[in-house]
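Remarks on the structure that follows.
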Amino acid sequence: MLTLSAVVPCYNEEDSLSELVRRLQAVCVSEAGDSYEIVLVDDGSTDRTWAWMNVLSTRNPHLVIVKMSRNHGHQLALSAGLSVARGARIFILDADLQDPPELLPKMMKLCDDGADVVYGQRTDRSGETWFKRITSKGFYRVLEQLVDVDMPLDTGDFRLITRRVLDLVLAMPERERFFRGMVAWIGLRQVPLEYVRDARFAGETKYPLSKMLGLAASAVTGFSIRPLRIATYLGLITATLALGMLVYALTSWVMYDAVSGWTSLMIVVLFLGAVQLVVLGVMGEYIGRNFLESKQRPNFIIEQVRHQGDARSVDATGAKQSQNIHLL
């Protein structure tokens, strides 16, 4: 078994790859000598990311390049890279170099001291817009209130984990994957490492608001039933208010001979309708998640795995993984 695997999901990152590999290789050599690998996962990129991966892999025997059959999304691309990683410790980061690889030595030291997971905790987000900073900050704080797992604030997937943590993650059967939540759910000893997040080295963010909302939905529905309870509370509150309006209307009719106005009627109808739609939407998220899980399809499909310095076959790599992975 190798000492270290670095796993990097990539989508349209052709401008960052050379610098990424250069910096990663420097820290991997310093910490693991010759016993390491860098796993680059091409998540269906539309630029020359895969072509550059092939060029770099011919020059570097420590590179393992993985090509997904299509764009599966960041979390599944990460899962694909983790499924082929062979290291005793696994270093996870994004290709944009916002999370500095040079923090690996500090993470390794914390693992040497007994940590199973060392996660990067951002104290500042340099180079990001005010909108991105505000929405990200709000995302983590709302998530903290909704999920039933103790999930640290201001943390992404940037972390170092041990092999036993990885094996537990790979054994989890869910299709809608939220990696940082899955790791937090495992427990064991998890320690933070504070750092300042850099600006992107090149390109543009792959997590716009729409994908952040999708990630938030996966996180909440995957780790909590609290939204269902909130929906129940909304229903009870609405029923109480409706009962109060009924008493008011009957009292007005008996004592004041009042005629119900169109405005008040519409307010009540719209209010009740809005609450009902919210409750149905929350329930729909959970029903949809159960529908996707019930199909039992593979989490992802890997088209190719290439490694210059290793003769292992793709089929053998897939055989040792769970039924959630399929390789062509």
Side-chain angles (χ1 to χ4, degrees), residues 1-10 20-41 57 60-66 74-122 151-152 155-172 177-195 197 305 307 309-310 312 316-317 320-322 325:
M1 181 181 292
L2 298 174
T3 300
L4 178 67
S5 293
V7 178
V8 189
C10 306
L20 168 72
V21 171
R22 183 189 69 79
R23 290 172 61 178
L24 255 182
Q25 182 168 324
V27 294
C28 288
V29 169
S30 69
E31 295 302 310
D34 198 47
S35 182
Y36 75 92
E37 65 181 356
I38 298 174
V39 181
L40 303 178
V41 183
S57 68
N60 191 336
H62 293 282
L63 280 189
V64 178
I65 57 175
V66 179
H74 180 274
Q75 296 295 290
L76 291 182
L78 172 58
S79 298
L82 294 174
S83 72
V84 302
R86 299 172 297 159
R89 292 177 182 174
I90 299 87
F91 184 41
I92 301 164
L93 73 163
D94 290 336
D96 55 21
L97 292 172
Q98 286 189 276
D99 304 319
E102 290 76 17
L103 290 178
L104 176 61
K106 292 183 179 179
M107 291 181 166
M108 292 285 281
K109 176 63 169 59
L110 290 170
C111 273
D112 291 340
D113 293 338
D116 292 283
V117 177
V118 181
Y119 56 87
Q121 190 165 45
R122 300 183 284 261
M151 207 170 299
T155 60
D157 296 322
F158 179 50
R159 61 192 63 211
L160 181 69
I161 63 176
T162 60
R163 168 56 57 173
R164 70 167 173 168
V165 171
L166 175 59
D167 289 341
L168 290 169
V169 169
L170 292 178
M172 294 183 184
R177 301 177 82 79
F178 181 58
F179 179 74
R180 68 200 75 166
M182 295 162 72
V183 172
W185 181 87
I186 290 172
L188 301 176
R189 187 182 175 197
Q190 307 196 18
V191 299
L193 177 64
E194 293 185 346
Y195 73 105
R197 199 177 201 209
V305 179
H307 186 198
D310 190 355
R312 60 194 164 131
T317 303
K320 68 178 181 180
Q321 305 300 338
S322 72
I325 302 166

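Position 1 is the first residue of the sequence; numbering continues from there.
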### Query
Rounded to the nearest 0.5 Å, how far does CD of Glu31 lie from NZ of Lys109?
11.5 Å

### Task
Run through Ile90, Ile38, Leu104 and flag the one making a side-chain contact (heavy atoms from CB on, under 4.5 Å) with Leu4.
Leu104

### Query
What distance do Leu188 atom CG and Arg164 atom CZ have between them, rounded to the nearest 0.5 Å?
4.5 Å

#### Entry: Whether Glu37 side chain and Leu2 backbone form a donor-acceptor pair below 3.5 Å
no

### Minimum heavy-atom distance Thr162-Cys111, with the two atoms named
CG2-SG, 4.4 Å

### Query
At what distance, to the nearest 0.5 angstrom, does CG of Asp96 lie from SG of Cys10?
9.5 Å

### Task
For Arg163 and Met1, run side chain to side chain contact (heavy atoms under 4.5 Å, CB included): C-alpha distance rounded to whole Å, both residues' side-chain angles, the deciding distance at 0.1 Å, then the answer.
CA-CA 10 Å; Arg163 168 56 57 173; Met1 181 181 292; 4.3 Å; yes

### Shortest non-hydrogen separation from Ala77 to Val41 and the atoms involved
O-CG1, 3.6 Å

### Query
Going from CG on Leu24 to CG on Leu97, what distance comes out if it is rounded to the nearest 0.5 angstrom?
7.5 Å

### Check: Ala32 main-chain N/O paired with Thr3 side-chain donor or acceptor under 3.5 Å
no

### Task
Go through His62 and Asp34 one step at a time and tell me if the side chain to side chain contact (heavy atoms under 4.5 Å, CB included) criterion holds.
CA-CA 8 Å; His62 293 282; Asp34 198 47; 2.9 Å; yes

## Note on the structure
Tightest non-hydrogen contact, residues Pro105 and Pro101, listed as CD-O, 4.5 Å

#### Entry: Closest non-hydrogen atom pair, Gly87 against Ser5
N-OG, 2.7 Å

### Query
When rounded to the nearest 0.5 angstrom, what distance separates CD in Gln25 from CG in Leu20?
11.0 Å

### Summary
For Pro192 and Gln121, the nearest pair of non-hydrogen atoms, with its separation, is CB-OE1, 3.6 Å

### Query
Which distance, rounded to the nearest 0.5 Å, do you find between the CG of Asn60 and the CZ of Arg22?
13.5 Å

### Message
Is the shortest side-chain heavy-atom distance between Arg23 and Pro100 below 4.5 Å?
### Response
yes

### Query
Under 3.5 Å, is there a donor-acceptor pair between the side chain of Glu102 and the main chain of Val27?
no

### Message
If you apply the rule side chain to side chain contact (heavy atoms under 4.5 Å, CB included), what do you find for Ile186 with Asp116, and how did you get there?
### Response
CA-CA 10 Å; Ile186 290 172; Asp116 292 283; over 6 Å; no

### Message
Could you check whether Tyr36 and Phe91 have their ring centres less than 6.0 Å apart?
### Response
no

### Query
What heavy-atom pair brings Trp185 and Met172 nearest, and what distance separates the two atoms?
CE3-CE, 3.5 Å

### Message
Out of the candidates Val183, Ile161, Val118, Val165, only one should pair with Gln190 under the side-chain contact (heavy atoms from CB on, under 4.5 Å) rule; please name it.
### Response
Val183

### Message
Strictly below 4.0 Å, N to O, side chains only: are Arg189 and Asp113 in salt-bridge contact?
### Response
no

#### Entry: Heavy-atom donor-acceptor pair, Ser57 side chain to Leu63 backbone, under 3.5 Å
no

